[in-house]
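So the structure is just underneath, and the comments pick up after that.
All ligand and atom numbering here is 1-based and tracks the order in the structure. Values below: all heavy atoms of this structure, side chains included; hydrogens, waters and symmetry mates excluded.
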Amino acid sequence: MNTQNQQDYLIRATAADGMIRAFAATTRQTVETARQIHDLSPIAAAALGRLLTAAQMMGSDMKGKDDLLTIRINCDGPIGGLLVTADPHGHAKGYVNNPSVMLPPNSKGKLDVGGALDLGVLSVIRDIGLKEPYIGQTILVTGEIAEDLTYYFATSEQIPSTVALGVLMNRDNTVRQAGGFLIQLMPGASDEIIDSLEAKISTIDSITSMLDKNMTPEDILQFVLGEFGLIINDRTDCSYSCDCTRERVAKALLSIGRTDLEDLIREGKDVEMQCHFCSRKYQFTPGEIREMLDRA
Ligand code: ZN
């Protein structure tokens, strides 16, 4: 079966009479788009792809249509840091500070995402239209991202969770498979449910090998949670998508300050601004910058 052009999507589900909540996603197109936009090395594609996948699943859990989820990782490793945002409609975008990071494989022969991130802090920012966004933070425990988010949910949100995220690359460094799942226990889940879920999860294959067997998000949750009475509640298409506009980029340009902008006008050259998320370029002439300053 050719899955190369399959639309990315995620599903949300419940099991064990609502004591378990679950999400699963297939995100190959999202991660391949990110790879092409940012010319990502395989490790950078794996790291950003895992984070984009997590953000799409976590974003789909927000209630308001204008809510925005941001996950930021500040770290000491050679990748230098990552940032992704996602809305509740399956749209995500992001970037890494060093897209060309390369490292030898780790001890398991896999892409060394943990080595690329090293020590750092993970922040989850939920802007749900209140005066201040809700911010939760934890340290990175492995830098492999899924484990770090598991730790984040346990410590910052007190939700016992299992997070699996994976990106598998082709030999030509394009993205072969990407996706993940997130399973959470609700307060009141019995020890019996917890023990049998843990036992089940300890037996499953990696997310990338399940995806590479052409298992769909539905198949994956059925496999993990089928014995708990899985109910799939909804399905959302997801994609890499940037909503930047000339107006927003102009605002960012203004934020560099009047003195510096006056200097740019004096130099008489066009100023080019590039969107961090999609690499789209926006040109501003000295006359346009003058006008913006006069209006500001
Ligand atoms: Zn953009």
Note to self: With side chain to side chain donor-acceptor pair (under 3.5 Å) as the criterion, how do Gln29 and Tyr240 come out once you've worked through the C-alpha distance, each side chain's angles and the decisive distance to 0.1 Å?
What the structure shows: CA-CA 8 Å; Gln29 299 279 4; Tyr240 191 100; over 6 Å; no
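- No cation-pi contact links Lys200 to Phe228, judged by a cut-off of 6.0 Å to the six-membered ring centre and 45° from its axis.
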Next item on the list: Would you please test Asp212 and Ser209 for side chain to side chain donor-acceptor pair (under 3.5 Å) and show each step?
Entry: CA-CA 5 Å; Asp212 213 33; Ser209 54; over 6 Å; no
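- Apart from Ile135 itself, the hydrophobic cluster it occupies contains Ile125, where clustering links Ile, Leu, Val, Met, Phe, Trp and Tyr at side-chain heavy-atom distances under 4.5 Å.
- Remark: His89 engages no residue in a ring pair (Phe, Tyr, Trp, His ring centres under 6.0 Å) (not counting sequence neighbours).
- Protein N/O/S atoms closer than 2.8 Å to the Zn ion (ligand 1), listed by chain and residue number, are Cys242 SG, Cys244 SG, Cys275 SG, Cys278 SG.
- Note on residues 277-296: pairs passing ring pair (Phe, Tyr, Trp, His ring centres under 6.0 Å), not counting sequence neighbours, are Tyr95-Phe277.
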